[in-house]
Amino acid sequence: MSVSLAGAATVWFDATARDLPWREPGTTPWGVLVSEIMLQQTPVSRVTPVWLAWLERWPTPSAMAHDPDQPAAAIRMWGRLGYPRRALRLHQCAVAAVERHDGEIPDDLDALLALPGVGSYTARAVAAFAFGQRHPVVDTNVRRFVARAVGGKAEAGPATTQRDLDAVEELLPTNPADAARASAAFMELGAVVCVARSPRCAACPVATTCAWRRAGSPPADVPGQRTQTYAGTDRQVRGLLMAVLRDAEGPVPPARLDVVWPDAVQRHRALASLLTDGLVVSDGNRYALPGTPSGTQ
DNA sequence: GAAACGTGGCA
DNA sequence: TTGCCAAGTTT
């Protein structure tokens with residue numbers, strides 16, 4: 001039963017998967033890692049152009065680690081992908097690869113988990129997709145797909161727990177390469193067919209065996225928790241401040257930052273958090289991205 | 001375990 | 001127009 005689920009998903013995947021650049025043969029583990037971190041909470045359509053530019057400029061961890069303009073250049077290349085701490089951590093991954101792994105992205109799950117910004121999902125995704133290892137790869141797509149196809153529920157639970165890993169592990173074929181492909185297939189199904197709103201069950205390769213369909217597609221039993229409004233939050237102010245520094249040639253005086261947000265208290269709080277995160281540096285007078293040439297540290 | 005952390009597209 | 005949603009991680 002479980003083999004047929006993975007089998008059907010894999011057959012469908014082989015026939016209809018999107019041609020994403022990081023799936024091209026010859027993509028390095030570094031390329032896979034970059035894609036996985038960029039894709040955290042971020043749609044494919046916005047990641048693709050940045051991934052291409054990133055890999056062209058920094059084709060290896062060593063190229064990134066030895067670029068003298070870092071990490072300012074990484075933050076600028078990140079552009080408007082959101083959560084710019086990811087750019088910082090990706091640079092830290094490159095440095096760690098050079099310092100601890102001879103310039104290579106490690107293939108060991110624990111070594112991957114030790115990299116900055118790499119958690120349970122990303123570590124297993126890299127181990128599976130870059131190195132062909134057999135690990136359950138559980139992201140929001142997989143949790144939703146398994147919740148429906150196996151659990152018979154409209155939505156997955158709130159968190160990625162050990163139970164999620166165990167449930168997905170049971171679905172994987174024994175052969176490592178097949179298991180990795182099945183994980184990619186589960187993710188792809190969740191991303192393009194078994195989507196959160198208005199799933200396209202008519203196009204689903206497992207619709208006839210789907211537990212949720214067989215149960216009559218019952219609605220979610222618990223109302224989803226409402227999302228936090230973005231407008232007016234510190235996150236928005238941080239984004240506005242970062243946009244100024246990204247677009248600036250070098251260090252800027254405080255006046256350049258003062259204009260982005262009228263509430264001085266909130267603006268200072270946001271700037272302080274950016275300094276704490278290491279996304280901004282200051283000499284006590286002007287502000288800049290970390291490592292900006294001729295900038296302040 | 002909850003909250004923080006960006007941004008933009010779409011229904 | 002507003003709210004939901006997108007390949008999560010960290011504290």
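By convention in this document, chain letters (A, B, ...) are assigned in the order of the sequence lines, proteins followed by strands, and residues within each chain are numbered from 1. The analysis underlying the following values was restricted to heavy atoms, covering all of them including side chains, and did not include hydrogens, waters or symmetry mates.
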Short side-chain N/O contact from A:Y83 to OP1 or OP2 of C:dT9, under 4.0 Å: no
Any side-chain heavy atom of A:L112 within less than 4.5 Å of one from A:I105? yes
Measure the distance from OH on A:Y230 to C1' on C:dC5 and round it to the nearest whole Å. 15 Å
Mind checking the P distance from B:dC5 to C:dA7? Whole angstroms is fine. 23 Å
Nearest to side-chain heavy atoms of A:R235, which nucleotide of C:dT9, C:dC5, B:dG6: B:dG6
Is there a donor-acceptor pair under 3.5 Å between the side chain of A:R143 and the backbone N or O of A:G157? yes
Looking at A:R57 and A:D67, is there a salt bridge between them, counting it only when a charged N and a carboxylate O are closer than 4.0 Å? yes
To the nearest angstrom, the CD-C1' distance between A:E155 and C:dC5 comes to 12 Å
Side-chain touch A:I37/A:V118, heavy atoms, less than 4.5 angstrom: yes
Between B:dC5, C:dA7, C:dT10, spot the one nearest the side chain of A:V44, thanks. C:dA7
In whole Å, what is the span from the CD atom of A:Q92 to the P atom of C:dT9? 15 Å
Looking for any heavy atom pair under 4.0 Å, which part of the strands does A:R23 touch: base, sugar-phosphate only, or nothing? base
How long is the line joining CZ of A:R143 and C1' of C:dC5, in whole Å? 13 Å
Taking side chain as C-beta onward, heavy atoms only, is A:R46 less than 4.5 Å from A:R80? no
Starting at CD of A:Q40 and ending at P of C:dC5, how long is that distance when rounded to a whole Å? 20 Å
Position toward the 5' end of DNA chain C (nearest nucleotide), A:E36 or A:R89: A:E36
Can a side chain N or O of A:Q41 be found less than 4.0 Å away from OP1 or OP2 on C:dA6? no
Atom-to-atom span, CG of A:L90 to P of C:dT10 - whole angstrom: 13 Å
At 4.0 Å (heavy atoms only), tell me whether A:G82 reaches a base, stays on the sugar-phosphate, or touches nothing. base
C:dG8 C1' sits how many Å from A:R124 CZ, rounded? 13 Å
I'd like the P distance from B:dG8 over to C:dT9, given in whole Å. 23 Å
In one Ile/Leu/Val/Met/Phe/Trp/Tyr side-chain cluster, 4.5 Å: A:V244, A:L88: yes
Look at all strands and tell whether A:I37 reaches a base, only sugar-phosphate, or nothing, counting heavy atoms closer than 4.0 Å. nothing
Students often get this wrong, so: under 4.0 angstrom with heavy atoms, is A:A196 touching a base, only sugar-phosphate, or nothing? sugar-phosphate
CD of A:E188 versus P of C:dA6: gap in Å, rounded? 14 Å
Under 4.0 angstrom between A:R144 side-chain N/O and C:dA6 OP1 or OP2: yes
Applying salt bridge (Lys or Arg N to Asp or Glu O under 4.0 Å), name anything that partners A:E104, two or more places apart in sequence or on another chain. none
Give one of base, sugar-phosphate or nothing for A:R18, where a contact means two heavy atoms less than 4.0 Å apart. base
Just checking A:V118: base, sugar-phosphate only, or nothing, at a heavy-atom cut-off of under 4.0 Å? sugar-phosphate
What's the separation between atom CG in A:L115 and atom CZ in A:R89, rounded to the nearest 0.5 Å? 12.5 Å
First locate atom CG of A:D108, then atom CZ of A:F131, and finally report the distance between them rounded to the nearest 0.5 Å. 10.0 Å
Would you confirm whether A:E188, through its side chain, and A:V192, through its main-chain N or O, come within 3.5 Å as a donor-acceptor pair? no
Considering only heavy side-chain atoms of A:T122, the closest of C:dA7, C:dT9, B:dC5 is C:dT9
Counting any heavy atom closer than 4.0 Å, what does A:W22 reach on the DNA or RNA strands: base, sugar-phosphate only, or nothing? base
Dump the pairs, protein N or O against N or O of nucleotides 8-11 of chain B, anything under 3.5 Å, distances to one decimal.
| residue | atom | partner | partner atom | Å |
| --- | --- | --- | --- | --- |
| B:dG8 | OP1 | A:R80 | NE | 2.4 |
| B:dG8 | OP2 | A:R80 | NH2 | 3.3 |

For DNA chain B, which residues in residues 237-247 of chain A have a heavy atom at a distance below 4.0 Å? A:R238, A:G239
What is the nucleic acid contact for A:L20, judged by heavy atoms within less than 4.0 Å: base, sugar-phosphate only, or nothing? base
Do A:W212 and A:M187 sit in the same hydrophobic cluster, where Ile, Leu, Val, Met, Phe, Trp and Tyr count as joined when their side-chain heavy atoms come under 4.5 Å apart? no
